[in-house]
Protein chains: 2
Amino acid sequence: MASRAKATILDIAREAGVSKSTVSLVLQGSGLIRPETAVKVRKAIEDVGYVYNRGAANLRKAHSNVIGMVINDLTNPFFAELAVGMERVFQAAGVVPFIANTAENPVRQEEVLKSLMEQGVAGLIVSPARGTTPGAFRRIETAGVPIVFAMRRLPDSRIPVIAPDNHRGAVLAAEHLIRRGHRRLAFFGGSSDLVVYHERLGGFLEACETLGIPASDRLIVEGETSRKGGMACLETALATAEPPTAALCFNDAVAFGAMLALRRRKLEAGADFAVVGFDDVAEAEHYSPALTSVAVDTAGLGERAAHVMLKMIQSRTTRAEDHIGAVSLVVRESSGPDRNNQVGDAA
Amino acid sequence: MASRAKATILDIAREAGVSKSTVSLVLQGSGLIRPETAVKVRKAIEDVGYVYNRGAANLRKAHSNVIGMVINDLTNPFFAELAVGMERVFQAAGVVPFIANTAENPVRQEEVLKSLMEQGVAGLIVSPARGTTPGAFRRIETAGVPIVFAMRRLPDSRIPVIAPDNHRGAVLAAEHLIRRGHRRLAFFGGSSDLVVYHERLGGFLEACETLGIPASDRLIVEGETSRKGGMACLETALATAEPPTAALCFNDAVAFGAMLALRRRKLEAGADFAVVGFDDVAEAEHYSPALTSVAVDTAGLGERAAHVMLKMIQSRTTRAEDHIGAVSLVVRESSGPDRNNQVGDAA
DNA sequence: TTGATTTATTGGAACGTTCCATTTATAGCG
DNA sequence: CGCTATAAATGGAACGTTCCAATAAATCAA
C-alpha cells in the first residue's frame with residue numbers, strides 16, 4: 001500500500017500510460033487534455049497515493065500560493081480574531097495562510113520571517129513584535145515580497161498599514177468619561193516603544209486639552225499590556241495623593257486587569273471607578289460588569305488586510321495605501337458617572 | 001539595490017570567487033571549509049541579498065524542517081495556549097511550526113492538510129475538526145508522514161493521541177459537586193460526535209452512579225461548546241420541572257456562558273447554582289465569580305505533543321504511545337454548596 | 001625525494017516540477 | 001485524396017539545491 005519511495009508525476013505517467021507533461025497539464029486543470037485522458041490520469045493519481053510537490057513546482061513557477069501571517073501574540077484573543085478575518089478572504093481566494101507566532105520577541109520574529117521567506121511565501125502580513133528594529137524588514141522588501149502591517153506600524157517605514165483610527169478612538173473614549181463628570185483621569189498600560197501607544201495616548205491628551213482637563217489632573221501609568229499590567233496600573237493610580245476616578249486603558253486586557261484589581265479592593269467598576277477599554281474583544285460584552293470599550297472591527301480589519309495583500313500580489317507591487325479603519329465607542333456598564341460630580345450624559 | 005532576478009548560490013559563488021558546492025557547504029555550516037573562505041562567502045551572501053530556497057533544497061534532502069499544526073478553533077484561548085506550549089519546544093529544536101486554523105470545518109481541514117502536505121512538512125500535529133471522517137488521514141499515513149492528535153481523537157484510528165484524562169477529570173468534578181450536597185446534577189454542552197464528549201460525560205455518569213445519584217436526578221443538555229451554547233443549556237435546564245442545582249460543563253466556554261445566563265436572571269453562580277468548568281483556561285481564575293474548573297495543563301500537553309512528534313520524526317516511525325495527562329480540580333468560587341442541603345466539604 | 005595521508009575545493013548528476021517547441025492524431029474542406 | 005487547421009500529447013531543458021566522487025593543495029613519513 002505505502003509505496004516505498006514517494007510517487008512522482010512520472011509514476012503516474014507510467015501508471016496511466018501517458019507522458020509526464022500530460023500529467024502536469026491535468027494537475028493544472030488545463031483544458032487542453034481530452035476529458036477521458038484526464039479521468040484516466042486522475043485515477044492513477046489516486047491509485048499511487050501521489051502528493052504534489054509544491055517545492056519542485058515553485059522552482060519553475062516562482063509563484064507560490066502561500067501567505068505568511070506573523071502575529072505577535074496569539075494568546076490575545078484580539079489577534080486570533082484578526083487572523084480569523086484574514087482567513088475568510090484567503091480561503092475564498094484559494095490561498096493558504098500559514099500563521100506563525102512571535103510571542104512579542106524580535107529574535108523569534110527574525111527566525112520566523114526567515115523561515116517563511118525560505119519557504120517562498122507570496123506575501124507577508126505582519127503585526128510586528130515590540131522592539132522590532134527599523135531594518136528588520138529591509139531584506140524582505142529588497143527581495144520584492146509584499147508586506148502589509150496589521151494593527152501596528154513601525155516608526156518610519158513605507159510599508160502599508162492596516163489599523164484602526166487609534167487617535168479618534170481614544171478621543172471618543174476620553175470625551176465620554178469627561179462628559180460623565182470625571183475630572184481626574186488616568187491612562188493605563190502600554191509603553192512608549194509602540195507607535196500605537198502614542199496614537200492612543202495622544203487622542204486621550206487631546207480630548208483632555210479640548211475639554212479643559214489640566215495636566216495636573218491627568219495621570220499616565222505605563223505598564224504591560226496584559227491583565228497583570230492592568231492590575232499594577234490601578235494599584236499605582238490609587239496610591240497617589242489625589243487618585244483619578246476614571247481610566248482609559250491601552251487595551252481590553254489592561255482594562256480587565258484594572259477591573260479585577262478593583263474587585264480585589266471591594267470596589268466596583270462603573271460605580272466606584274470608571275474603566276474604558278480598547279479593541280472591544282468578544283469578552284468585553286460578557287464581562288461583569290460589561291466593559292465599555294472602543295470597537296475597532298477586528299475581523300473587518302483582518303479582511304481588509306488580506307484584500308490589500310491579494311491586490312499587491314496580483315499587481316506585483318510592493319506599495320499600497322494605508323487603511324485606517326473607523327472606530328466607535330460601545331458604552332456598557334463599566335463607565336459610570338463620577339459619583340461626586342454628576343453631570344448628565346446618562347445614557 | 002534590489003537585484004532583478006533573485007540571487008542563487010551561483011551568484012554568491014561568482015561574487016565570492018568559489019564554486020557553488022563551497023557555498024552550499026558554508027550554508028550548511030560544514031566544518032570542511034576553511035574559516036577565511038567561509039567569511040568571504042558569508043559576506044557575499046550578505047552583499048547580494050540572498051534568500052535560501054528551501055524548496056529546491058528539499059528536492060534533494062527530502063527532510064524538511066517545518067511541522068504543521070492544524071487547530072480546530074484558534075479563537076478558543078485553550079488552543080492558543082496549546083499552540084504556545086508546542087512552539088516552545090519546537091523553537092528549541094530549530095523547527096518552525098506553521099499553524100493553520102480549520103474553524104471546526106472538515107472541508108477546510110482537508111484543504112489545509114493537503115496544502116501542508118504539498119509543502120512537504122516533516123510532521124503534523126492535529127486537533128481534528130468536529131465531524132472529521134475516519135479516512136481523512138489515510139492518505140497522510142500511507143505517505144509516511146507522522147501525525148499526532150492533540151486533545152481530540154478519532155473513533156478508531158491508530159494515530160497516537162496526547163490528551164488529558166477526561167474521564168478522571170469529570171469524575172473529580174462530579175464528586176466535588178455531590179460532596180457539596182448537590183443532588184440534582186446536570187451536564188452542559190458538547191455533542192456526541194466528539195469522543196471527548198463521551199469521555200467527560202462518562203466520568204460524570206460514573207461518579208453519579210458511585211455516589212448514588214439516580215438517573216432521574218441527572219440532566220444532560222447537549223449544546224454548542226461556546227458561551228452561547230452554555231447560556232442556552234442553562235435556560236433549558238432551569239425550564240425543567242425539577243431543575244438541577246449544579247452543572248458540570250463540557251468546557252470553560254460553556255461554563256462562562258452558563259454563568260452569564262445566571263447573572264442575567266439575577267442569580268449568582270456559586271450561591272444559587274454551582275458551575276464547574278473544564279480545561280481551566282487562564283480566564284477562569286479571573287472571572288467573577290472565579291470559576292471552579294478541571295485543570296489539564298494545556299501548555300504541558302502541547303510540549304508533550306511536540307516532543308512525541310520530534311521523536312517520531314527522528315526515529316522515522318509513524319507509531320507512538322498515547323499520552324494521557326494528569327488532571328486536577330481547581331476549586332474556586334463558582335461551585336458553592338447546595339443551599340438547601342448543606343453537607344460539609346466546605347473548603 | 002616519493003608516496004601516502006589529510007585538508008579544501010569542485011564539477012556534475014540528481015531531485016520533481018513547468019513550459020516551450022515539437023510531434024502526432026483528428027477533423028474539415030475542396 | 002492531399003492539404004491545412006485544430007486538438008491532444010510529448011520530449012527536453014530549465015529551476016536552485018545537495019552530495020558523491022574526484023581533484024588539487026598541503027602535510028607528513030620514511
Side-chain angles (χ1 to χ4, degrees), chain A residues 3-42 44-45 48-66 114-115 117-122 143, chain B residues 3-42 44-45 48-66 114-115 117-122 143:
Chain A
S3 38
R4 286 293 129 251
K6 52 198 59 169
T8 77
I9 53 169
L10 274 105
D11 299 309
I12 299 170
R14 195 178 316 116
E15 183 84 6
V18 297
S19 78
K20 63 175 173 35
S21 303
T22 304
V23 177
S24 175
L25 258 359
V26 172
L27 249 17
Q28 294 169 79
S30 161
L32 291 180
I33 34 80
R34 205 151 41 108
E36 44 262 66
T37 311
V39 168
K40 199 169 53 178
V41 170
R42 267 191 270 273
I45 288 177
V48 303
Y50 168 76
V51 355
Y52 184 74
N53 184 334
R54 199 169 290 276
N58 285 344
L59 218 43
R60 290 279 311 180
K61 293 207 299 186
H63 218 79
S64 89
N65 76 145
V66 355
K114 179 151 169 271
S115 189
M117 285 297 289
E118 294 179 353
Q119 224 57 232
V121 293
Chain B
S3 38
R4 285 293 129 251
K6 52 198 60 170
T8 77
I9 52 169
L10 274 107
D11 299 310
I12 298 170
R14 194 177 317 115
E15 182 83 6
V18 297
S19 79
K20 63 174 173 33
S21 303
T22 304
V23 177
S24 175
L25 259 358
V26 171
L27 249 17
Q28 294 169 77
S30 161
L32 291 180
I33 34 78
R34 204 153 41 108
E36 43 263 64
T37 311
V39 169
K40 199 169 51 178
V41 170
R42 267 190 270 274
I45 288 177
V48 302
Y50 169 76
V51 356
Y52 184 73
N53 185 334
R54 200 168 290 274
N58 286 345
L59 218 42
R60 290 279 312 179
K61 293 206 297 186
H63 218 79
S64 90
N65 76 146
V66 356
K114 179 151 169 274
S115 189
M117 285 298 289
E118 294 179 352
Q119 225 55 232
V121 293

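Naming: A, B, ... by sequence-line order, numbering from 1 per chain. The structure presented is a predicted model; accordingly, all values stated were derived computationally and were not measured.
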Peer 1: Want to settle it: does Gly31(B) or Ala56(B) sit nearer the 5' end of DNA chain C, counting the closest nucleotide to each?
Peer 2: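 With Gly31(B) and Ala56(B) compared, the 5'-side residue is Gly31(B).
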Peer 1: Taking the side chain as C-beta and beyond, is there a heavy-atom pair between Thr8(A) and Asn53(A) under 4.5 Å?
Peer 2: no
Peer 1: Using chain A heavy atoms and a threshold of under 4.0 Å, write down where along DNA chain D the contacts begin and end, 5' to 3'.
Peer 2: dA8(D) to dG16(D)
Peer 1: Between the two ends of the helix from dT1(C)-dA30(D) to dG30(C)-dC1(D), what is the bend in degrees, rounded to 10 degrees, where each end axis spans five pairs?
Peer 2: 50°
Peer 1: Report the distance from atom CD1 of Ile9(B) to atom C1' of dG12(C), rounded to the nearest whole Å.
Peer 2: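 Those two atoms, CD1 and C1', are 13 Å apart.
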Peer 1: May I have all residue pairs that pass side chain to side chain donor-acceptor pair (under 3.5 Å) and include part of residues 14-31 of chain B, sequence neighbours excluded?
Peer 2: Asp11(B)-Arg14(B), Ser19(B)-Thr22(B), Ser24(B)-Gln28(B)
Peer 1: Out of curiosity, Ile9(A) CD1 to Leu25(A) CG, how far, rounded to the nearest 0.5 Å?
Peer 2: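 Result: 10.0 Å between the selected atoms.
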Peer 1: Distances under 3.5 Å between protein N/O atoms and the N/O atoms of nucleotides 19-22 of chain C, please, pair by pair.
Peer 2:
unit_1, atom_1, unit_2, atom_2, d
dC19(C), OP2, Gln28(A), OE1, 3.2
dC19(C), O4', Arg60(A), NH2, 3.2
dC19(C), N4, Ser21(A), OG, 3.3

Peer 1: Pick out which of Ile33(A), Val26(A), Leu27(A) makes a side chain to side chain contact (heavy atoms under 4.5 Å, CB included) with Val41(A).
Peer 2: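 It is Val26(A); the other options fail the test.
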Peer 1: With a 3.5 Å cut-off and sequence neighbours excluded, list the donor-acceptor pairs that the side chains of residues 56-64 of chain A form with protein atoms.
Peer 2:
unit_1, atom_1, unit_2, atom_2, d
Asn58(A), ND2, Arg54(A), O, 3.4
Ser64(A), OG, Val66(A), N, 3.3
Ser64(A), OG, Gly120(A), O, 2.7
Ser64(A), OG, Ala122(A), N, 3.4

Peer 1: So which pairs with a foot in residues 28-41 of chain B pass salt bridge (charged side-chain N to carboxylate O under 4.0 Å, His left out), sequence neighbours left out?
Peer 2: Arg34(B)-Glu36(B)
